[in-house]
Amino acid sequence: MQVLNKKCDAFYRLTRPYSCCMVPAIMMNNYANAINQLADVHIDKVNKPHLPLACGDFSMGEGLAITIASPLMAVAMGIMLRSPPLVIGFIIWCIVGGAYSIDLPPLLRWKGNPLMAAVTIISMNGLLLLFPFFIHFQKIVLGNPVAFTKPVLFTAAYMVIWNAAIAFVKDIPDVEGDKAFGLRTLPIILGKEKVFSIAVKMMLMAYGGAVLVGAFSPSVLCKLVTMIGHSALAFVLWRQAKTIDLFDNKSVQSFYLFIWKLYYVEFLFVHFLR
């Protein structure tokens, strides 16, 4: 039982399921995180020695098995659901996730380029999570024509801004290891303080946009919930950002997990957009 619990904990740290939802999406998330840890095991031994491949809780063979099985299961589920949007989305997700992690110059290893790294995070954690599932439910499940509503368009814009900020914060605690292995991430180029400031301002800007959208809502209830809720979240974010020690990796990692929680809170507020 102790061995099983250890493997389950290692699986959680390998796949990081807090960063997505729904079973097929979880499978694709497993793939993206597993292939990244396979490709970066030598860097993670410096930056994140607690991760399961870096510390030896999972063997490279076990990590490879998860990496291969996860997208195959997701695509199989998409085929079983007879959903072209999901199948196409998962294939693109697989390609983008591989291009982000695999070291095959000159076209791949996007994580070494700040712009492409941000595009990857935005795609995998945002747009590829939103649009394939939205089209699936609209067209395949409900049989309705696909119409991109105001909440969907706002959510897409919010995801772009927020996931770009997540991409910037994600690299802050990894500066030493990334620099040692020749990666050119934004915190290495601009410095931790500046990148953190940019990320926080981007997230506050997203909340400001939500308050502005809420101000034009025809429903008084939706207007109050959207404006007050996002103002409160912006204040909480600002207060939390003030407490972060950028040279303490545990502090930065705690903030990174915190902004993931804020990210998912938004999926509750989006229902009040009108």
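In what follows, every heavy atom counts, from backbone to side chain, and hydrogens, waters and symmetry copies are set aside.
Considering only residues two or more places apart in sequence or on other chains, Ser101 meets the side-chain hydrogen bond (donor to acceptor under 3.5 Å, both in side chains) condition with Asn36. The salt bridge (charged side-chain N to carboxylate O under 4.0 Å, His left out) check on Glu193 picks up nothing, with sequence neighbours excluded.
Enclosure of atom NZ in Lys139 is not indicated, since only 12 or fewer non-hydrogen atoms of other residues, nucleotides or ligands lie within 6.0 angstrom. Under a cut-off of 6.0 angstrom, the local environment of CZ in Phe269 is crowded, with over 12 non-hydrogen atoms contributed by other residues, nucleotides or ligands.
Residues Val200 and Phe255 are in side-chain contact: their nearest non-hydrogen atoms beyond the backbone lie under 4.5 Å apart.
Counting all heavy atoms, side chain and backbone alike, Pro151 lies closest to Thr155 at O-OG1, 2.6 Å. Shown here for Met227 and Ala215, the closest heavy-atom pair between the two residues is SD-CA, 3.7 Å. Taking each heavy atom of Met203 and Ala165 in turn, the nearest pair found is CG-CB, 3.6 Å. In terms of heavy-atom proximity, Thr67 sits nearest to Leu38 at OG1-CD1, 3.2 Å. Of all heavy-atom pairs between Ile79 and Val87, the closest is N-CG2, 3.7 Å.
When atom types are taken as modelled, the side chain of Asn47 and the backbone of Gly177 share a donor-acceptor pair closer than 3.5 angstrom.
With Lys48 as reference, Asp174 is the one residue of Asn249, Asp174, Leu53 to meet the side-chain contact (heavy atoms from CB on, under 4.5 Å) rule.
Between Asp40 and Arg109, at least one side-chain N (NZ, or NE/NH1/NH2) sits under 4.0 Å from a carboxylate O, which counts as a salt bridge.
Residues Trp162 and Tyr264 place their aromatic rings such that the two centres sit no closer than 6.0 Å.
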